[in-house]
Amino acid sequence: MEHITLLIGIVIVTALVFDFTNGFHDTANAMATTISTGALRPKTAVAMSAVLNLGGAFLSVEVAKTISGGIIDESAGLRPEVIFAGLVGAIVWNLLTWLAGLPSSSSHALFGGLIGATLVSVGTGGVHGDAVVMKVLIPAVAAPIVAGLAAMAATRLTYRLARNRDEADTAKGYRAGQIASAALVSLAHGTNDAQKTMGVITLALITGGVIAPHSDPPLWVIASAGIAIALGTYLGGWRIIRTMGKGITDIRPPQGFAAQTGAAATILASSHLGFALSTTQVCSGSVMGSGLGRKGGVVRWSTAGRMVIAWCLTLPAAGLVAAGAAFLADQGDWGVATVAVLALAVCGAIWAASRRKPVDHTNVNEVAPAEPAGVVTTALQTVSPPPAGPVAPAAVVAQAGPPVQVAAPHAGAATAGH
């Protein structure tokens, strides 16, 4: 076996940078609902998520095997430069969607980057098309739907079971349930997303002749990937946490508990089967499902629509960036250096743009701008109208305007509503 070369070292560092961006990009998956409902303080939530992400990285290597030997053909003449270009495409897309506050898929950014770079450098023979369809595309469509339906059913069941209980009596129970389910999502995230970086580093080591083909990730690879994603998680992707917690729907504790439980079950099942699905799509689908499951709940479909568009663009967009990077990297050392410089410049510009309107733990729970109910929400509320209360909501009273004077029969003027 050969020693690790400078280029392979650069690839490993770049993979860990991607893992770091994956961590802060996907913190919202586990903690957005817990933070938005006040079950945990923002800093406490991300710290707990970071520790559990690290622990989850050591639980399984099935997803890592899917990356290192399932989607990309490691025997098709793949070189470390190609993997470097794929990682650059994934990192750039991750940062762009983070700047926009969109919970897009870090997983699909990585897949798109690797596929785009491989197609340019090796050709179609370097990509296992059937594995892409079976283990990436089908789970990408099915997972958010399954998680959303599970969360909607769980939300309805939760409200039905507690319909005769006072909300204050159940608050502590739901808070404990939210914390436990958020911990489970964080652990599941570590078993799925941290492994993707393990798979990429393992693929780089195989292509460089450092380890044998079809090898499991070495222990130092597992540990470094777990630490990188944990550090990224601790920093907190506050922009995306705001979108997930406040931008899609207004989440109450029972909904948060149901959404996180459904998401955790879906992610853990996929990790066991080796499906490298998007935890972002699973958790976003769960949040939308919980919004539909509560009577009177409103899903902000414009935000959801922008998220779906980002999901659809992730694979091709990251692939295009990676394809350009692979074309340059194939020119030799100067090409690799050019890709590195351009990537640093783009990342620096995105970071500078984010400082104009910073989002952090102090303002992450600011309420998203009100959105009028659309056709879908109106139809759903017609089927499941909100429960009638003795007092109209303040917003409705405010829209009704001042009291109107009407004539009372046989007795002068009276104020309406008296």
- line: For Ile240 and Trp98, the nearest pair of non-hydrogen atoms, with its separation, is CD1-CA, 4.0 Å
query: How about Tyr159: does its OH atom have over 12 heavy atoms from other parts shown lying under 6.0 Å from it?
result: yes
query: Are Leu87 and Val200 close enough, and set up right, to give a side chain to side chain contact (heavy atoms under 4.5 Å, CB included), and what steps lead you there?
result: CA-CA 9 Å; Leu87 288 167; Val200 171; 3.9 Å; yes
- prompt: What's the spacing between Leu313 CG and His108 NE2 if we round to 0.5 Å?
  reply: 13.5 Å
query: Taking all non-hydrogen atoms of both residues, which atom of Phe58 and which atom of Leu54 are closest, and how far apart?
result: CD1-O, 3.3 Å
field: Exam field: side chain Thr261 to backbone Ala258, donor-acceptor pair closer than 3.5 Å
entry: no
field: Note, Val132 side chain near Phe111 side chain (heavy atom, < 4.5 Å)
entry: no
field: Close side-chain approach of Val339 to Glu81, heavy-atom, < 4.5 Å
entry: no
message: Any non-hydrogen side-chain atom of Val221 less than 4.5 Å from a side-chain atom of Leu205?
response: yes
field: Heavy-atom pair of closest approach, residues Ala151 and Ser286
entry: CB-O, 3.2 Å
- request: Give, for atom CD1 of Ile12 and atom OG of Ser224, the distance between the pair rounded to the nearest 0.5 Å.
  value: 8.0 Å
task: Identify the heavy atoms of Gly113 and Ala322 that sit nearest to each other, and give their distance.
output: O-CB, 3.1 Å
query: Would you say the side chain of Ile83 lies within less than 4.5 Å of the side chain of Thr207, judging by non-hydrogen atoms?
result: yes
- prompt: Does atom CZ of Arg160 have more than 12 heavy-atom neighbours, drawn from other residues, nucleotides or ligands, at distances under 6.0 Å?
  reply: no
query: Of all heavy-atom pairs between Gly226 and Asp19, which one has the smallest distance, and what is that distance?
result: N-OD2, 4.4 Å
task: Can you see which heavy atom on Val46 is nearest to which on Thr233, and at what distance?
output: CB-O, 3.6 Å
field: Value rounded to 0.5 Å, distance of CD1 in Ile8 from CD1 in Ile201
entry: 12.0 Å
task: Return yes if some donor-acceptor pair links the side-chain N/O of Arg239 with the main-chain N/O of Ser354 below 3.5 Å, else return no.
output: yes
task: Show the numbers, then the answer: is there a side chain to side chain contact (heavy atoms under 4.5 Å, CB included) between Asp330 and Arg79?
output: CA-CA 10 Å; Asp330 280 343; Arg79 292 169 294 113; 2.7 Å; yes
- prompt: Is any side-chain heavy atom of Phe84 closer than 4.5 Å to a side-chain heavy atom of Val336?
  reply: yes
statement: Taken to the nearest 0.5 Å, the spacing of Asn94 CG from Phe20 CZ works out to 12.0 Å
- prompt: When rounded to the nearest 0.5 angstrom, what is the spacing between OG1 in Thr118 and NE2 in His128?
  reply: 10.5 Å
Gap between atom CD1 of Ile115 and atom OG1 of Thr124 - 0.5 Å precision: 12.5 Å
Which donor-acceptor pairs under 3.5 Å do the side chains of residues 341-350 make with protein atoms, sequence neighbours left out?
none

Which atom pairs, one a donor and one an acceptor, fall under 3.5 Å between side chains of residues 175-186 and the rest of the protein, sequence neighbours left out?
residue	atom	partner	partner atom	Å
Arg175	NE	Ala39	O	3.0
Arg175	NH2	Ala39	O	3.1
Gln178	OE1	Thr37	OG1	2.8
Gln178	NE2	Thr33	O	3.4
Gln178	NE2	Thr37	OG1	3.1
Ser181	OG	Gly177	O	2.9
Ser181	OG	Gln178	O	3.0
Ser181	OG	Gln260	OE1	2.9
Ser186	OG	Ser49	OG	3.0
Ser186	OG	Ala182	O	3.1

